[in-house]
Structures are given as C-alpha cells and as structure tokens.
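Notes to accompany the following structure.
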Amino acid sequence: MNVLFVNPNSITKNYQALSSRYAAIETPTWALLLAESCRSKGFKVEILDANAEGLNPEEALKKIRSIKPLFICLVVYGQNVNAGTTNMVGAMELANYLKANEPQFKIGLIGSHIQALPKETMENEKSIDIGFINEGVYALHNLLKLEDLSPPNLANINGIIFRDQNKIIFTKAEIVVPQNKMDEDLPGYAWDLLPFKNKPLDLYRAPLWHAEYQDEFRSPYAAIQTSIGCQFKCSFCMINIINKNDNEEIGIASNYSGMRFWSPNFIIKEFDKLFSLGVRTIKITDEMFLLNQKFYLPLCEMLAERNKDDMNKMWAYSRIDTVKNPEILAKVRKAGIKWLCLGIESGRKDIRLEVSKGKFEDVDVEKIVSQVEKSDINVMANYIYGLPGDTKETIQYTFELSKKLNTLGWNTYAAMALPGSQLYSEALNNNVKLPQKYSEFSFHSIDTLPLPTDTLTASEVLKLRDEKFNEYFSGKKFLEKIEKKFNKKAVENITQMLETKLERKIFDI
Ligand code: SF4
C-alpha cells in the first residue's frame, strides 16, 4: 500500500493580505513524522505540500494523479493553536474537489479538528472516508497493511472512524506512541520528501519577528519538535487533543494532558540533518520546551557545540516561571535560541491564574522578562484579549503592561472557543454563539468570530485587539528598541507591515 500525506493550502483564506509576505509558511510537522514512521515500517510514502507550493485544488489533483497513491491522507494541523481547525478550509475544499473528480479515491483525515469532533466532522464532510481519532501512528501502520480499504476491513483497525454507506462507525480506541517507543515508532522527519525551489526548505519561511524582522533570514526554515503535548490544562488551549485515546464525540484537551519526549541523543540527529541542509532559522515547536531539564539541558549543550559561530536563529516556548535562572538561560542562549515565547496572556493575575489552571506560579512578569533579556534572549510576549472575566479596563491594563515590558515581539489574539478546548465545550453548554465555518475560527480571517465576554461583544474584543496591534507596533519606544537591537531595516519592515490592514466583517454588523 502506498500513501500520500497532503498538507492542504489554506493560507490565503486564513491570512487575507498578510498571506503574500507576512504569514509564516511552516514545515508540515505531522506529515513529516507520519511519513517517516510509515516509511520505517516498509510502506511507500510521499508528501504533497500544497501549502508550500501554493497549489489550488486543480493543480493538486494533477500532481496526485501522477503519484497514483492508494490512500490520500490529509494531515491538518498548523502553525498556531487554532490552525488545525482553520486549515480545514483548504483541506475540505481539496477533499471535495478530489472526490468530485475521482470518486474512487480513498481519502483520510488526521488532525486536531477531527480529533476534537470526530462524529460531527464525519457527518459534515462526506468526502472523507476515514478519520483518525488521535495522532494516528498505529492506526496508519495497521491500515496500510490492508489491500482493500473497504468498510468490512476497516472495522478491524483500531483508532479510526469511517463511513459505511450512511452509517458513521467508530472502531475501538487506539493508544498514542508511548514514551518508551518514541525514538522507534516516530523515528524522525522525512525532510527529503518536501518540495523545494533551488535548495532544500527554501519554500518555507519564518515569521518576520523570528527573523529579526528581516526577510533574508526567513528562509530556509524548519520547525521541529523535541517533545509532544503539554502537562498543563489551560482552558483556552486544545494542544493535548493529539493525545486522545478514547472515542469521546466532543474531546476536551485538558483530559489528555501529558508530555512525551524524544531522547536528546536521537533528536539532535534531526537538527544535524537540518544544519547539513543549510537551515539555521528553526522553530522548536514544543509547547513547553523549557520545562524538563533532563531533556532540554543535554540538547542545549549539544546544540551549543554546533553553534560556535552563533548563526543559529532559533526560538522556543517556555513556561514563564521556569526561566528565572541566569545559568540556565546562558545555556539556552549558547544553543542559539535567540527568542523565548512566553504566554503572559493577561496583565491581571486573577484572569491569568483562572485560565491557566496551574500553569503559573504567581510570578513577577516584569522581573522574568528583564532576566531573559539580560541573557541576550529576545522575548515574544503572547497575550489574549477577551478571556473570561475580561472587561475594557482589564484589557487596557494588559495592554499597558505589554507597553511597559516593551518586548521585541508582541502577539495578541482575541480569545476563541477552539474545538478541543474547554472554552469550546463551555460555550456549547452556555449557548454562546460559536463559529459555524472553519474560517471563522481563524485569528486573521475576514469572518473571524471570537468569544464575547460578560461585558464586551465579540466585535468590541476584536476591535481592541486590532487597534492595540497598530498602537504597539507604531510605538516610539518599541521602534527605538528594535533599531538598537536589530537595525533601521527592521523598523522599515515593521512600518510597512502596518500598511497591510485586515478586513473584519464583524465590524460592519
Ligand atoms: S501551557 Fe497551557 S496554553 Fe501552553 S500548551 Fe500547555 S495547556 Fe496549552
């Protein structure tokens, strides 16, 4: 059996005018991991990255016809937490087009949206023959052994949901790859299967801020994980839905929280492959890279040996209260990690502590940011407006804190009830108006529909987010710091970025 993993193209629909230059184009992590895993078991695999190649459905079909796969597996995640659902826009457009033109194609779907809402997705998306209830590694290994993917055979494959005429059938639940099998059953990335123009990974580009706001550092680019999942249970987050191991029809990520790691000696080899391909701009995608010293310290030491020229431009997420120690930060910096992404979420401790469910100790955010910056590591600060309890005043307070911190990276989203998050099931239970279309879950789309709070409408929350974005990035103190740390060109690029305006339908309602 041969399988084609497809990363669908949703970038234009989700990012509006930002798609042509500013939106990042990330390597498709799970398509790469699944391809390598299936290849290691002897199956023939290929990857079609329609997103990186900018293919429309017609162009994708042409390529798929020439590959002649027996199974087409759409792998739908994304570069930020909501992207698994918003990228369903391009995925379903493609699936419907393929089915309309080649009804005999067998099409599967793996990704966070179907993990969160398996039954609803199969009911709505008639072009999908087989859905996977979690990361899908073992289900795929078993499925690809079949010569015939028709319903009676599928009933014996655990971890899937499939269509038998008008019936939707769950098979028995399947486990995810356990910690002790990570290096063996998820044995790295099939980098060699990605498309490129002139040199490997040149179709991928980092976010502008990661590249110090300069286009020349954005490509070649890759994202890599050294662990999967997160041990925390934030109510707005759906990351842990990937660990799902049951057949719940509305999955809630916090029920599956937990982390699995590749061994440092194994994963460093994947970094080495990237370095040998000339890639130094790298995102470490782990939800909580700086959490477990047993894994990240040896890895940082090995990376430091390979970063003697200090050319690595890497970034990683960190829990905010694990970055207090200057000695640790020095090791992180030596590895070439030049940005840490910190989820500050809200300026108000009570709001922060409520949604973060134990993610934070009560921390002094200003002290921590200053400590990180003293270690010559830039801070990308993340905030959310419209969390439960937020008012116009608390949002202003959060914004004032962000101006005071004056970090070199600033990212704010309007709170969204993402499928797979606790906020989603709470919104359902409370009859809150939820997005009906995939694109309405996107932070940047024209029809985005964030959550209201008790005192603010969804439109008011979004308006505040968009206004504060402009105010922050045009701030004098911020731009002076950018010029001092980077250069004038970085300031010019930021100023140009502000000329690209997002349209929002909700403002006209
Ligand atoms: S800390 Fe919270 S927001 Fe971050 S990945 Fe974990 S659960 Fe999600």
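Counting starts at 1 for both ligands and their atoms, in listed order. Just so you know, these numbers come straight off a predicted model, no measurement behind them.
The aromatic ring centroids of Y413 and Y385 lie 6.0 Å or more from each other.
Residues that satisfy the ring-ring contact (aromatic ring centres under 6.0 Å, His included) test with F275, not counting sequence neighbours, are absent from this structure. For the salt bridge (charged side-chain N to carboxylate O under 4.0 Å, His left out) test, no residue two or more places apart in sequence or in another chain qualifies with K334.
In C230, the part holding a heavy atom less than 4.0 Å from any atom of ligand 1 is the side chain. Of all the heavy atoms of M288, the ones lying under 4.0 Å from any atom of ligand 1 belong exclusively to the side chain.
Within the 4.0 Å heavy-atom shell around ligand 1 one does not find Y317.
Using a 3.5 Å distance cut-off with no hydrogens or angles, the side chains of Q115 and Y77 do pair a donor with an acceptor.
The F236 neighbourhood of ligand 1 comprises atoms 3 (S), with distances under 4.0 Å to a heavy atom of that residue.
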